[in-house]
Enquirer: 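Here it is, the structure in full.
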Amino acid sequence: MNSLKPKIIYLFNDPMLKHYHIYIGYCKEFANNDFKTEILTFLSPRDYFKNIIKMVGIKKFYRQKKLRNSFYLSIHKSRKMQITIKLLIEMLFNRKIVIILKKIDIEYMCLIKKISKRIILIYENEGDFVSECNYLEKVSGENNKHVIKNYKLNIQKSKEIYRICDYIIAGSKSMASLLRMRYSYISNKTDYMIPAFSKKVFCFDKEIRYQERNKLGINDMKVYIYTGNVLYKWQNFSTNVKLFKEILKRNEKSYFIVLVPSRDLMLAKKYFIDEDIDESKYLVKSVESYEIAKYLMASDMAFVIRDIHTMNYTAPTGKTGEYLATGLPLIYIRALSVYNSFVLENNHGVIEYKKEKLFDRIDDIVRFTVDDRRRQLISKEAIAIFSFESNAYRYINIIMNLTSA
């Protein structure tokens with residue numbers, strides 16, 4: 001007999017295993033609430049064999065009674081057939097299926113909708129292509145023509161995606177409002193979920209903090225951290241490095257940990273070389289997503305320097321939530337709608353409206369400290385607001401409302 005609850009399939013179309021904790025978060029909560037849940041991806045032979053050891057580890061680590069992790073070997077020409085067969089089989093055993101999509105091609109979405117009316121499509125909208133494109137068009141001194149062309153193509157694709165899907169999940173309340181304003185035809189099928197994290201991964205652990213500081217040999221240092229990309233102009237990595245150079249002038253016992261994708265390692269190091277910063281004062285590294293938390297715990301302040309722009313206000317980075325979950329004070333620009341009130345109400349860091357103003361606050365940055373008790377308190381409050389575990393009920397309510405008919 002078919003279950004009254006729908007089966008939930010989280011479908012993505014690329015080897016995004018290094019960000020797996022992002023995808024697994026809500027899925028684990030769905031499974032904990034007695035939904036049959038499956039994370040499903042189709043990988044090219046190259047990506048499949050490149051990541052096979054990592055995939056086996058993921059399956060063991062996340063093994064759970066009602067949660068499956070399925071990684072299928074696939075070639076592009078056969079993928080449509082594989083998806084069709086997979087979903088037809090699932091329809092035999094489930095009254096309804098909810099498919100959550102992120103970074104998926106339109107052609108697959110159209111195919112899925114044709115298979116059965118019992119399949120509900122939810123699209124998780126990442127970022128704001130329109131605002132990002134507008135930002136890049138105004139950036140001078142860079143050859144952005146190819147990137148801008150791709151953004152404009154993605155804007156057109158997004159319009160089609162919004163029409164096809166049964167529901168759209170934006171990354172913030174302001175992003176959901178912006179989408180409704182732009183596209184009136186989605187006004188009744190748009191909501192938001194904040195970029196969340198798992199409290200089992202991102203938290204504050206005093207013992208781990210001092211173990212990691214000891215391993216890195218930074219026990220007597222004030223440690224700053226940045227996690228993210230170097231290539232994306234709006235993340236202001238160059239400003240972070242310039243600020244750190246000024247911080248070093250005030251306090252030579254300062255250290256900067258930079259965690260970036262492997263493709264950005266050389267570029268990140270070049271910024272430090274160009275600023276003539278001694279290599280003993282920084283660490284540039286690429287790590288797996290589950291390792292990031294221990295570096296955050298070991299650090300004392302995190303850089304969150306974004307321009308005041310619609311794309312940052314409406315589509316905030318989930319990294320900020322991870323920083324706060326480990327109790328980290330921030331060097332922060334008031335650009336992120338989701339986190340502004342929390343950071344301001346707790347006065348948790350050095351806060352400004354414009355990045356240029358931070359250079360007048362170097363002494364404040366150097367002096368700003370919090371003890372372990374304060375970090376534990378901030379961590380607890382951030383987890384209560386921003387974690388997967390605290391927000392899963394809203395996602396479950398959305399799914400139940402969509403499938404109750």
Side-chain angles (χ1 to χ4, degrees), residues 8-10 12 16-41 54-71 100 102 124 169 171 193-213 215 225 227-228 257 259 287-299 302 316-330 338-339 342 348 372-397 399:
I8 301 172
I9 296 177
Y10 206 119
F12 54 104
M16 302 186 72
L17 300 180
K18 70 180 300 180
H19 300 297
Y20 199 77
H21 71 285
I22 298 173
Y23 306 111
I24 196 73
Y26 282 123
C27 292
K28 288 180 72 175
E29 292 306 306
F30 297 151
N32 288 338
N33 283 272
D34 209 32
F35 287 87
K36 287 187 291 181
T37 308
E38 182 173 0
I39 296 179
L40 174 64
T41 188
K54 193 183 298 183
M55 291 187 293
V56 170
I58 284 172
K59 287 188 176 186
K60 288 181 179 178
F61 187 76
Y62 290 113
R63 185 172 287 135
Q64 199 166 337
K65 185 177 180 181
K66 288 186 176 291
L67 176 59
R68 292 182 61 195
N69 299 273
S70 300
F71 303 92
I100 301 173
K102 188 194 291 277
E124 290 191 354
I169 303 291
M193 298 295 301
I194 58 173
F197 53 84
S198 173
K199 68 179 182 181
K200 295 176 182 177
V201 178
F202 292 94
C203 56
F204 180 72
D205 186 307
K206 182 178 176 180
E207 185 176 341
I208 293 175
R209 169 174 166 78
Y210 292 105
Q211 282 177 354
E212 290 304 314
R213 289 177 72 89
K215 285 180 186 177
I225 192 165
T227 68
I257 296 174
L259 305 180
V287 301
E288 298 294 340
S289 58
Y290 60 83
E291 295 182 280
I292 292 173
K294 66 183 182 182
Y295 288 96
L296 300 185
M297 293 180 210
S299 301
T317 169
K319 296 294 182 187
T320 307
E322 295 171 0
Y323 294 157
L324 294 172
T326 61
L328 266 175
L330 307 179
V338 169
Y339 305 107
F342 184 91
H348 197 55
D372 293 340
R373 185 177 179 182
R374 172 69 175 167
R375 282 192 68 168
Q376 192 74 60
L377 177 63
I378 292 295
S379 171
K380 185 177 180 180
E381 291 180 358
I383 286 169
I385 299 172
F386 302 121
S387 69
F388 289 126
E389 292 84 356
S390 297
N391 288 278
Y393 75 94
R394 289 190 60 246
Y395 216 143
I396 289 170
N397 286 340
I399 289 171

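Below, each value reflects all heavy atoms present in this structure, side chains not excepted, and no hydrogens, waters or symmetry copies.
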Enquirer: Spell out, as yes or no, whether a donor-acceptor pair under 3.5 Å connects the side chain of H348 to the backbone of L324.
Expert: no
Enquirer: Backbone N or O of A384 within a donor-acceptor pair of the S390 side chain at under 3.5 Å?
Expert: yes
Enquirer: I need the minimum non-hydrogen distance between S299 and R375, along with the two atoms involved.
Expert: O-NH1, 2.5 Å
Enquirer: With side chain to side chain contact (heavy atoms under 4.5 Å, CB included) as the criterion, how do I385 and Y339 come out once you've worked through the C-alpha distance, each side chain's angles and the decisive distance to 0.1 Å?
Expert: CA-CA 10 Å; I385 299 172; Y339 305 107; over 6 Å; no
Enquirer: Kindly give the heavy-atom pair with the smallest separation between A196 and F386, and that separation in Å.
Expert: CB-O, 3.2 Å
Enquirer: Given side chains that start at C-beta, do those of C203 and M297 come closer than 4.5 Å, heavy atoms only?
Expert: yes
Enquirer: When rounded to the nearest 0.5 angstrom, what distance separates OG1 in T320 from CG in L330?
Expert: 7.0 Å
Enquirer: Can you check whether Y323 reaches I378 side chain to side chain, under 4.5 Å on heavy atoms?
Expert: no
Enquirer: Provide the closest heavy-atom pair for T326 versus A293 in the form atom of the first, atom of the second, distance.
Expert: CG2-O, 4.3 Å
Enquirer: For I383 and F202, work out which heavy atoms get closest and say how close.
Expert: CD1-O, 3.7 Å
Enquirer: Quick one about Y10 and E124 (side-chain donor to acceptor, distance below 3.5 Å, no hydrogens or angles considered), yes or no?
Expert: yes
Enquirer: Do L377 and R373 have side-chain heavy atoms sitting under 4.5 Å apart?
Expert: no
Enquirer: Using a 4.5 Å cut-off on heavy atoms from C-beta on, say whether the side chain of F204 contacts that of K206.
Expert: yes
Enquirer: Would you say Y26 and M193 make side-chain contact, with heavy atoms under 4.5 Å?
Expert: yes
Enquirer: Ignoring hydrogens and angles, state whether a donor on the side chain of Y295 or T227 is under 3.5 Å from an acceptor on the partner side chain.
Expert: no
Enquirer: Is there side-chain contact between I225 and L296, with heavy atoms separated by less than 4.5 Å?
Expert: yes
Enquirer: How far apart are the closest heavy atoms of E29 and F388, and which atoms are they?
Expert: CG-O, 4.2 Å
Enquirer: What's the spacing between T37 OG1 and N32 CG if we round to 0.5 Å?
Expert: 9.0 Å
Enquirer: If you compare all heavy atoms of K199 against all heavy atoms of E389, which two are closest, and at what distance to 0.1 Å?
Expert: N-OE1, 3.1 Å
Enquirer: Do you see a donor-acceptor pair shorter than 3.5 Å between the side chains of D372 and Y210?
Expert: yes
Enquirer: Start with the C-alpha gap between Y395 and N33, add the side-chain angles, then the distance that decides, and say whether side chain to side chain donor-acceptor pair (under 3.5 Å) holds.
Expert: CA-CA 11 Å; Y395 216 143; N33 283 272; over 6 Å; no
Enquirer: Under the 3.5 angstrom rule, does the side chain of E212 hit a backbone N or O of R209 as a donor-acceptor pair?
Expert: no
